[in-house]
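Dropping a structure here in structure tokens format, bear with me for questions.
Numbered from 1 within each chain, the chains take letters A, B, ... in sequence-line order.
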Amino acid sequence: MLDLKLIRKEPDKVKELLSRRDTSLVAKIDQIIAIDIEHRAALQEKQELETKRNQLSKEVGAKKSQGQTADTEMQELAQIKSKMQAISDKEPDLFNQQIAILEGIPNLPAEDLIVGANEEANQEISKWGEIPNFNFTALEHDEIGKNLDILDFERGVKIAKSRFTLIQKHGAKLERALINFFLDQASQNGYRECVPPILVNSTSLYGTGQLPKFAEDVFKVENEDLYLIPTAEVPLTNIYRDEILSEDDLPIYLCAYTPNFRSEAGSASKDTRGIIRQHQFNKIELVKLCKAEDSAEEHEKLTNNAESLLQALKLPYRKMLLCTGDMGFGASKCYDLEVWFPGQAKYREISSCSNFGDFQARRAQIRFRRDSKSKAELVHTINGSGLAVGRTVAAILENYQNQDGSVNVPEVLRPYLGDLEKIEA
RNA sequence: GGAGAGAUGGCUGAGUGGCUGAAAGCGAUUUCCUGCUAAGAAAUUGACUGGGUUUUACCCUGGUCCGAGAGUUCGAAUCUCUCUCUCUCCGCCA
């Protein structure tokens, strides 16, 4: 959520930055400012009435305790009360209108981003690794997985529904090996390993920005205020919700392996084959809470942490800096890591590393104090995948495939698989 | 699932209608004191927010907040109702 004070103070700057994302947002800022003026007038009026009420009530109390009557004061109070009725309905109403609009406004993009409407304007920052040159026709991962009997799409659908897949045998082992490898790496990089709840309440989803705007993207538990997490970012970021940390606590590095659940509403015919886009998938998430002045550097470091995993697995990838129009709702700056899929002959996102600035921290009220005298300040939050496990499995199947249908195991994973070198049917 | 108890500031914990934004203790900060440390003394110490002042900061002056929401009352941490959560015991269970 944007800072209302910033909107008041520098409306033109806010509008200019938001228009880089989407020009239609400018009107919303104007709306907020208009309501804000009205709201503050109403608030002032209400507070003046409250002041009077408090004064008179005190006088009534004083008189009554001395056995005197206080009819004049009581009459005046009755008048004030009826005036307050109207205003005390209006004031919170205006405030709620303001918040409702504010909740739907995305974060300001960082000033140095390329302005663009969609992924076509994203900027390639770097490329790593060599694209494998097969002397046979490379298969796509779903084909390879079926042939090896490690991906069972039909039965996944039977058990649940479409976009659910049964992973088994060496596929399941590979999945587990990756989870362990990623967690070990995260630990080495200083991240605190967590096993958080994977059902969270609506307040937590609000804190990270999934609610209220993106309610249709998450699965909700019936008759409970609980949702399946779409990413471990939600529970991890919310660990310190409504808390004031001390400066020494920062930066905080957190990581967790969790399954993630997404309804994929609106992506009906996208990626229907394979395990690229599933309702349930495993991911290791990296989260950082830090001071404002450190967030740019911490963001770079977190992205490097994610990149180093692809490098260790020797998977070719490119690093994209997202343009203003392609970024997620809460991000102010975002790198996507895209891994090469030889079967599909294209790069696909495998990690998204975002700096949220204070956008999430304001919603979740995560603050810190520099010393005992200073005011509480919002932290900055940063997160990224390190990495999406299912997509890594898919990438390994495609990049490490052999002509005979077998798949080599990346060297770095062999210790995790009892020194297995090759997955064969 | 059944029965009961409870929810107050960074923490412990008083407070059953006005003198309570909140006793007391702990912790923290500042100052004083002893040659350092330890001990001791004093003061300060919640969050959010409107307005004034202001480059900020500081300051001044209001308002709201004692789990959440609604109600009673001139006045609610305190009374009533609804909800949420926590704890204890019993039952069930990985």
Side-chain angles (χ1 to χ4, degrees), chain A residues 1-10 13 32-99 102 195 197-207 211-212 220-227 235 238-250 252 259 292-293 358 361-379:
Chain A
M1 191 143 72
L2 294 184
D3 185 5
L4 191 55
K5 281 187 197 142
L6 182 71
I7 294 176
R8 267 179 214 153
K9 223 169 123 187
E10 300 188 64
K13 189 181 171 190
I32 287 177
I33 292 170
I35 297 171
D36 190 49
I37 291 165
E38 212 183 328
H39 170 245
R40 277 194 292 171
L43 187 64
Q44 219 173 324
E45 194 183 340
K46 181 184 156 193
Q47 290 182 351
E48 277 162 18
L49 289 168
E50 282 171 341
T51 308
K52 259 188 218 164
R53 180 204 59 191
N54 292 347
Q55 281 171 355
L56 283 167
S57 288
K58 245 180 208 169
E59 285 168 31
V60 170
K63 285 200 171 176
K64 283 202 171 173
S65 68
Q66 288 170 12
Q68 299 174 11
T69 53
D71 294 344
T72 349
E73 286 83 356
M74 300 270 272
Q75 267 179 11
E76 208 176 326
L77 269 163
Q79 283 178 7
I80 290 172
K81 239 191 149 179
S82 66
K83 274 194 211 164
M84 280 179 73
Q85 201 95 50
I87 195 85
S88 64
D89 285 345
K90 189 177 150 196
E91 186 274 321
D93 192 52
L94 286 167
F95 182 68
N96 290 336
Q97 280 179 36
Q98 223 177 351
I99 296 300
L102 206 51
V195 181
I198 62 172
L199 292 178
V200 297
N201 58 36
S202 52
T203 311
S204 293
L205 282 166
Y206 180 87
L211 289 182
K220 187 178 190 311
V221 176
E222 208 176 357
N223 300 326
E224 293 267 5
D225 180 36
L226 287 172
Y227 300 77
N238 276 282
I239 290 175
Y240 294 105
R241 167 155 52 80
D242 293 325
E243 293 191 30
I244 300 177
L245 302 159
S246 73
E247 189 180 19
D248 305 339
D249 296 329
L250 300 174
I252 294 173
E293 64 268 30
D358 61 13
R362 183 169 297 105
R363 289 174 156 250
Q365 285 297 299
I366 310 169
R367 293 174 291 173
F368 78 101
R369 222 189 283 278
R370 291 183 192 267
D371 58 67
S372 67
K373 279 182 184 165
S374 52
K375 281 193 71 175
E377 295 173 52
L378 295 168
V379 302

Rounded to whole Å, CZ of A/Arg370 lies from P of B/U29 at a distance of 18 Å

Once each nucleotide of nucleotides 64-75 of chain B is scored for protein heavy atoms under 4.0 Å, what B/S/- sequence comes out, 5' to 3'? S---------BS

From CD of A/Glu59 over to C1' of B/C19, roughly how many Å is that when rounded to an integer?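 In whole Å, B/C19 C1' and A/Glu59 CD are 16 Å from each other.
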
Nearest-Å distance once atom P is located in both B/A7 and B/A14: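 One P to the other, the span is 9 Å.
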
Any side-chain heavy-atom pair from A/Lys375 and A/Arg369 closer than 4.5 angstrom? no

I'd like the P distance from B/G71 over to B/C65, given in whole Å.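 Per the computed distance, 13 Å lies between those P atoms.
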
Distance check, P atoms only: B/G15 and B/G69, in whole angstrom units. 25 Å

Which whole number of Å gives the distance between the P atom of B/G46 and that of B/A41?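 Per the computed distance, 23 Å lies between those P atoms.
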
Map A/Ala62 and A/Gln55 onto RNA chain B by nearest heavy atom, then report which one ends up closer to the 5' terminus. A/Ala62

Looking at B/G1, which nucleotide sits across from it as a Watson-Crick or G-U wobble partner, both distances under 3.5 angstrom, or is there none?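 Per the H-bond distance test, B/C90.
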
Mind checking who B/A76 pairs with, Watson-Crick or G-U wobble, both distances under 3.5 Å? none

Between the main-chain N or O of A/Gln79 and the side-chain N or O of A/Ser82, is there a donor-acceptor pair closer than 3.5 Å? yes

Just so I know, are the side chains of A/Lys90 and A/Glu38 near enough to count as touching, which here means a heavy-atom distance under 4.5 Å?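 Answer yes - side chains close enough.
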
In whole angstroms, how far is the P atom of B/G10 from the OH atom of A/Tyr240? 17 Å

Taking side chain as C-beta onward, heavy atoms only, is A/Leu199 less than 4.5 Å from A/Val221? yes

Partner nucleotide, any strand, of B/G27 [Watson-Crick/G-U, under 3.5 Å]: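 Result: B/U45.
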
Any side-chain heavy atom of A/Leu4 sitting closer than 4.5 Å to one from A/Ile32? yes

Determine the interatomic distance between C1' on B/G10 and the same-named atom on B/U44; round to the nearest Å.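 One C1' to the other, the span is 16 Å.
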
Take atom C1' in B/G4 and the same atom in B/C11, then report the distance between them in whole Å.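 One C1' to the other, the span is 27 Å.
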
Is there a side-chain contact between A/Lys64 and A/Met74 (heavy atoms, below 4.5 Å)? yes

Return the nucleotide paired to B/A7: Watson-Crick means purine N1 to pyrimidine N3 with N6-O4 or O6-N4, wobble means G-U with N1-O2 and O6-N3, both under 3.5 Å.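 For B/A7, the partner nucleotide comes out as B/U84, under the 3.5 Å rule.
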
Pairing nucleotide - B/C66, Watson-Crick or G-U, each distance under 3.5 Å: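 Result: none.
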
Going by purine N1 to pyrimidine N3 plus the second Watson-Crick contact, or the G-U wobble pair, all under 3.5 Å, which nucleotide sits opposite B/G40?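 B/C32 is the nucleotide pairing with B/G40.
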
Taking only the C1' atom of each, what is the distance from B/A57 to B/G52 in whole angstrom?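 Pairwise C1' distance, B/A57 against B/G52, rounds to 16 Å.
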
Partner of B/A14 under the Watson-Crick or G-U wobble criteria, both distances under 3.5 Å, comes out as none

Determine, step by step, whether A/Ser204 and A/Asn201 satisfy the side-chain hydrogen bond (donor to acceptor under 3.5 Å, both in side chains) criterion, reporting the C-alpha distance in whole Å, the side-chain angles of both residues, the deciding distance to 0.1 Å, and the verdict. CA-CA 6 Å; A/Ser204 293; A/Asn201 58 36; 3.2 Å; yes

Is atom OH of A/Tyr206 surrounded by more than 12 heavy atoms (other residues, nucleotides or ligands) closer than 6.0 Å?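 Counting neighbours around OH of A/Tyr206, more than 12 heavy atoms of other residues, nucleotides or ligands fall under 6.0 Å, so yes.
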
For A/Asp249 and A/Ser246, indicate whether the former's side chain and the latter's backbone hold a donor-acceptor pair under 3.5 Å.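 Indeed, once roles are kept as given, a pair shorter than 3.5 Å links the two residues.
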
Distance between the P atoms of B/C85 and B/U80, in whole angstroms? 22 Å

Distances under 3.5 Å between nitrogen or oxygen atoms of protein and nucleotides 45-50 of chain B:
{"unit_1": "B/A47", "atom_1": "OP1", "unit_2": "A/Arg369", "atom_2": "NH1", "d": "3.2"}
{"unit_1": "B/A47", "atom_1": "O3'", "unit_2": "A/Arg367", "atom_2": "NH1", "d": "3.1"}
{"unit_1": "B/C48", "atom_1": "OP1", "unit_2": "A/Arg367", "atom_2": "NH1", "d": "2.8"}
{"unit_1": "B/G50", "atom_1": "OP1", "unit_2": "A/Arg8", "atom_2": "NH1", "d": "2.9"}

Could you let me know what B/U53 is paired to, Watson-Crick or G-U wobble, both distances under 3.5 Å, or none if it's on its own? none

Is the closest side-chain heavy-atom distance between A/Arg241 and A/Thr203 below 4.5 Å?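 In short, these two side chains touch, coming nearer than 4.5 Å.
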
